[in-house]
Amino acid sequence: RIGSFAPAAMLVDAVDAMDNDDPKADENIRAVKEEGGLVEAVRDCINAACSEFEISRQKVLLRAAALGKAFCDNRQDQSGMSEQFLNACNTLRSLNVLRHRSIG
């Protein structure tokens, strides 16, 4: 949602800011981390990517999840998120390939 302060939305906004070399990216990541919502934000981005049909939007959401994952301190959280992230990427890759007329 535009203007949302939800942790996942702030991660997506951080990715957009990074693409534009805007220092706001760092501010957004720090804000999400300080609120304690980084793990939830990463998981929300992964789940949203899996629910998204548009490939370009999937990529943005997965980039946001990867960015948030990189800033997590807890190794146990990183491990669980890495597995969820990898499963989501593999599933989306397979589903997106099957959508093409020449294959599916």
Side-chain angles (χ1 to χ4, degrees):
R1 228 165 38 162
I2 295 175
S4 176
F5 288 104
M10 291 181 72
L11 270 183
V12 172
D13 189 42
V15 168
D16 291 338
M18 282 183 64
D19 289 343
N20 296 321
D21 295 325
D22 186 349
K24 182 181 173 189
D26 186 54
E27 293 172 20
N28 284 355
I29 294 168
R30 288 180 192 270
V32 172
K33 191 172 181 178
E34 287 172 5
E35 291 175 9
L38 192 56
V39 173
E40 176 189 348
V42 170
R43 290 198 173 119
D44 287 348
C45 286
I46 293 170
N47 290 334
C50 290
S51 299
E52 182 64 50
F53 190 74
E54 188 178 324
I55 295 172
S56 62
R57 194 73 187 137
Q58 290 172 355
K59 288 180 181 181
V60 169
L61 290 163
L62 289 174
R63 285 182 59 216
L67 178 65
K69 196 166 63 84
F71 283 89
C72 284
D73 295 328
N74 189 335
R75 292 279 182 218
Q76 185 176 4
D77 287 338
Q78 275 187 337
S79 175
M81 284 185 288
S82 293
E83 185 176 339
Q84 185 181 8
F85 184 82
L86 182 62
N87 288 339
C89 288
N90 288 336
T91 299
L92 289 171
R93 184 179 297 123
S94 298
L95 292 174
N96 289 336
V97 165
L98 290 174
R99 282 191 343 195
H100 288 279
R101 291 180 191 214
S102 61
I103 295 173

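We find the CD-CD distance between E34 and E27 to be 11.0 Å, quoted to the nearest 0.5 Å. We find the CG-CE distance between D13 and M18 to be 12.5 Å, quoted to the nearest 0.5 Å. The structure places CG of N96 at 4.5 Å from CD of Q58, a figure rounded to the nearest 0.5 Å. The structure places SG of C89 at 11.5 Å from NZ of K59, a figure rounded to the nearest 0.5 Å. Between E40 atom CD and L11 atom CG the span is 10.5 Å, to the nearest 0.5 Å. Here the straight-line distance linking atom CG of L62 with atom CD1 of I46 works out to 7.5 Å at 0.5 Å rounding.
In the hydrophobic clustering of ILVMFWY residues, with side-chain heavy atoms under 4.5 Å counting as a link, L92 and F85 come out together. V12 and I29 fall into different hydrophobic clusters, where Ile, Leu, Val, Met, Phe, Trp and Tyr are joined by side-chain heavy atoms under 4.5 Å apart, directly or via other members. There is no path of hydrophobic side-chain contacts, each under 4.5 Å, that joins L61 to V42. Linking ILVMFWY side-chain heavy atoms closer than 4.5 Å, directly or via other members, places M81 and F71 in a single hydrophobic cluster.
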Query - salt bridge (charged side-chain N to carboxylate O under 4.0 Å, His left out) assessment of D26 paired with K33 - result: CA-CA 11 Å; D26 186 54; K33 191 172 181 178; over 6 Å; no
Query - Worked check of side-chain contact (heavy atoms from CB on, under 4.5 Å) between D16 and D22 - result: CA-CA 9 Å; D16 291 338; D22 186 349; over 6 Å; no
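Across A14 and A25, no two heavy atoms sit closer than the pair O-CB, 3.3 Å. When every heavy atom of G37 is checked against every heavy atom of P7, the shortest pair comes out as O-CB, 3.7 Å.
In this structure, the side chains of D19 and R63 come closer than 4.5 Å at one or more pairs of heavy atoms. At least one side-chain heavy atom of T91 sits less than 4.5 Å from a side-chain heavy atom of L95.
Geometric assessment of R99 against the ring of F53 yields a positive cation-pi assignment under the 6.0 Å and 45° thresholds.
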